Amino acid sequence: MAKILHMADVHLGAPFATLGDTKKAAMMRQSVMDTFHRAMVYGAENGADLIIIAGDLFDNGFVGNKILREAEKAFEAAGNVPIVITPGNHDCMSGGLYDAANFPKNVFVFRSEEQRIKIDALKMCIYGSAYVAESKRERALEENITMRFAATDDGDISDYLHIAIVHGDVTESDSPYNPVSVRDIRDCGADYVALGHIHKPSGVLKAGKVPYAYSGCLCGHGFDETDERGFMFGEITKDKCAMEFIPFTERQYKIAEVDITSAQSMDDVYSAVDKAVADIADNSLVRVVLTGSVEPTLRIIDELVLERLGRFIHAELVEETKPVKNIDDYKKQKNLTGIFTRGILEKAEQADEADRKIYEDALRYGLAALSGERVVFDED
């Protein structure tokens, strides 16, 4: 039996450029590093026999000495727990990053496309396949890895645990990212296959008798990664895999869709937005998406809505509303309002999707102005 912590896709040094703010980006990079450090402590304090990092520990091969030194300190926090790393497509061996590292003695890095390490104290064999370059099309588990390595002259390992580490795509088709089929996993003979590359955690799956899992990324890196993030942790024996997903990220990306169809004023919009984000933690990164059909005279001013979201470390607003269907009432008017409405709608029908949004905004602002309201334009 062995207790294993399996993580992947930490992406230390990621730029977080989509935040559009250098201070926020630096804060998020440090948050990822802090979470990684805490994960190492978690492994040590919870009796992990082995820590696996299944690729893309670093976001690229040029993260710099500061991040390397901080990663080394994080590894030290794991004490004497063995740590095994397979470089992925982001931090492949050709980048030279791992050659420049000075990791503690308990850290082992797979440096070629096919390696095995044997830990007699744990009665465990660990098989890895590093990315030598950014692309790797060879199928990682095409042969039965346990049988291939079992015929060695270093003793009987039939009762050892066999753990395979693969950074790649589980797919039946071709992929530039180390393709692995379910059949490959089924036939590989491992007691657990620790996967990386896909950022969404899978939970433990089975291919025949072989358990496998994507741990997902340790922390979310954008609004396409809004679910819980963390790592896999648990016990593995020759007969049983009791690995579980452990949510662990410090700051989460959250998307709140807010239907403002019934809104008649900005106060109604504020109320709907406040209700939608009420249960979201202050240390979150939040995107509010306004949806629904609204009166053309209702003007959504982004800055005023974003002020309501100031408690979050990052907030952004996306407006996907549409004018209410009774726009025909404006079209039929035999006055300046009708002429304006018909002209804008005609242009909107001929426009592509991006320009159509501009015409919809123009219609909303124009009708508001024609109805005598004071119009305040967003700065952008």
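Bear in mind that the values here come from a model prediction, so they are computed numbers and not experimental data.
Within a 6.0 Å radius of NZ in Lys24, other residues, nucleotides and ligands contribute more than 12 heavy atoms. Shown here is Asp282, whose CG atom has more than 12 heavy atoms of other residues, nucleotides or ligands within 6.0 Å. Annotation for Lys357: atom NZ counts as buried by contact number, over 12 foreign heavy atoms lying within 6.0 Å.
Salt-bridge formation is not detected for the pair Lys347/Asp355: no Lys NZ or Arg NE/NH1/NH2 atom is positioned less than 4.0 Å from an Asp or Glu carboxylate oxygen. Look at Glu70 and Lys66 and you find a salt bridge, because one of the NZ, NE, NH1 or NH2 atoms lies within 4.0 Å of a carboxylate O, short of that distance. Comment: Glu72 engages Arg69 in a salt bridge, judged by a side-chain N to carboxylate O separation of less than 4.0 angstrom. Taking 4.0 Å as the cut-off between side-chain N and carboxylate O, Asp159 and Lys238 do not count as a salt-bridged pair.
No side-chain N or O of Asp169 forms a donor-acceptor pair with one of Thr171 less than 3.5 Å apart. A donor atom on one side chain and an acceptor atom on the other are found under 3.5 Å apart for Asp91 and Tyr98. With hydrogens and angles left out, the side-chain atoms of Ser31 and Glu250 include a donor and acceptor closer than 3.5 Å. Defined by atom type and a distance below 3.5 Å, a donor-acceptor pair is missing between the side-chain atoms of Asp224 and Tyr253.
Smallest separation of non-hydrogen atoms from Thr86 and Ser129: OG1-O, 3.1 Å. Looking at every heavy atom in both residues, Cys241 comes nearest to Tyr192 through SG-CD1, 3.9 Å. Counting all heavy atoms, side chain and backbone alike, Asp9 lies closest to His221 at O-CE1, 4.5 Å. When all heavy atoms of Ala362 and Phe340 are compared, the closest pair comes out as O-CZ, 3.5 Å. When all heavy atoms of Tyr214 and Lys200 are compared, the closest pair comes out as CB-O, 4.0 Å. Residues Leu12 and Val32 approach most closely at CD2-CG1, 3.9 Å, considering heavy atoms.
With hydrogens and angles disregarded, no donor-acceptor distance shorter than 3.5 Å links the side chain of Asn106 to the backbone of Ile83. Under a 3.5 Å cut-off, the side chain of Arg229 and the backbone N or O of His199 do form a donor-acceptor pair. Judged by distance alone, with hydrogens and angles left aside, the side-chain atoms of Arg342 form a donor-acceptor pair with the main-chain N or O of Gln333 at under 3.5 Å.
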Q.
Could you walk me through whether Ser181 and Asp184 satisfy the side-chain hydrogen bond (donor to acceptor under 3.5 Å, both in side chains) test, starting with their C-alpha distance in whole Å, then the side-chain angles of each, then the deciding distance to 0.1 Å, before giving a yes or no?
A. CA-CA 5 Å; Ser181 72; Asp184 294 334; 3.0 Å; yes
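Glu320 places none of its side-chain heavy atoms less than 4.5 Å from the side chain of Leu290. Contact annotation: the side chain of Arg308 approaches that of Asp274 to within less than 4.5 Å [non-hydrogen atoms, C-beta and beyond].
With sequence neighbours excluded, the residues that form a side chain to side chain contact (heavy atoms under 4.5 Å, CB included) with Ala263 are Ile260, Asp268, Val269, Leu298.
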Give every donor-acceptor pair under 3.5 Å between a side-chain atom in residues 38-61 and any protein atom, sequence neighbours left out.
| from | atom 1 | to | atom 2 | distance (Å) |
| --- | --- | --- | --- | --- |
| Arg38 | NH2 | Phe248 | O | 3.0 |
| Asn46 | ND2 | Tyr42 | O | 2.8 |
| Asp49 | OD2 | Lys3 | N | 2.7 |
| Asp56 | OD1 | Asn89 | N | 3.3 |
| Asp56 | OD1 | His90 | N | 2.8 |
| Asp56 | OD2 | His167 | NE2 | 3.2 |
| Asp59 | OD1 | His11 | ND1 | 3.0 |
| Asn60 | OD1 | Phe62 | N | 2.8 |
| Asn60 | OD1 | Val63 | N | 3.3 |

